[in-house]
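What follows is a single structure, written as structure tokens, with notes after it.
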Amino acid sequence: VQMGSFVEMAIPLANIGSPSTVSVHLAMVNEQTGGEWTFAGVPFNSFTDGFDVNYTKYYDFDLTGSIAPTQYSILP
């Protein structure tokens, strides 16, 4: 769902096997010919913006836990 400059996405847990934890890395990708670029990584330090980047960091969220997403450490 897009609202203004924000986009919200949802994946039903049943569609991915109903896990108790989920590892998450996000990035924006420009796929236009001649302008291929990956940027805006989450976690912020998971890669340096550029072409054909290698992701090195992620979050591992415990879906049964009670802590806020902002309290999780960046892994590894």
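It should be emphasised that the depicted structure is a prediction, and the values quoted were computed from it without experimental measurement. Reckoned from all heavy atoms, side chains included, excluding hydrogens, waters and symmetry mates.
- With Glu8 contributing its side chain and Phe6 its backbone, the two residues share no donor-acceptor pair below 3.5 Å.
- For the pair Val53 and Tyr55, the minimum side-chain heavy-atom distance is below 4.5 Å.
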*Are Thr38 and Phe51 close enough, and set up right, to give a side chain to side chain contact (heavy atoms under 4.5 Å, CB included), and what steps lead you there?*
CA-CA 6 Å; Thr38 304; Phe51 177 78; over 6 Å; no
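- You'll find the side chain of Asp49 reaches within 4.5 Å of the side chain of Trp37, heavy atoms only.
- No more than 12 heavy atoms of other residues, nucleotides or ligands lie within 6.0 Å of CD1 in Ile11, so this atom counts as exposed by the packing criterion.
- Rounding to the nearest 0.5 Å places CZ of Phe44 at 9.5 Å from NZ of Lys57.
- Taking CD1 of Ile74 as the reference point, atom OH of Tyr59 lies at 4.0 Å (rounded to 0.5 Å).
- With a 4.5 Å cut-off on side-chain heavy atoms, Leu63 and Leu13 count as touching.
- Here OG1 of Thr48 is found 10.5 Å from CG of Asn54. Values are rounded to the nearest 0.5 Å.
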Only pairs under 3.5 Å count here: list side-chain donor-acceptor contacts from residues 23-30, not counting sequence neighbours, and write none if there are none.
unit_1, atom_1, unit_2, atom_2, d
Ser23, OG, Asp60, OD1, 2.9
His25, NE2, Ser46, OG, 2.8
Asn30, OD1, Gln32, N, 2.9
Asn30, ND2, Gly35, O, 3.2

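- A single hydrophobic cluster is seen to contain both Ile67 and Val22, as judged by linkage of ILVMFWY side chains at heavy-atom distances under 4.5 Å, directly or through other members.
- The two residues Phe61 and Tyr72 have their closest heavy-atom pair at CD2-CD1, 3.5 Å.
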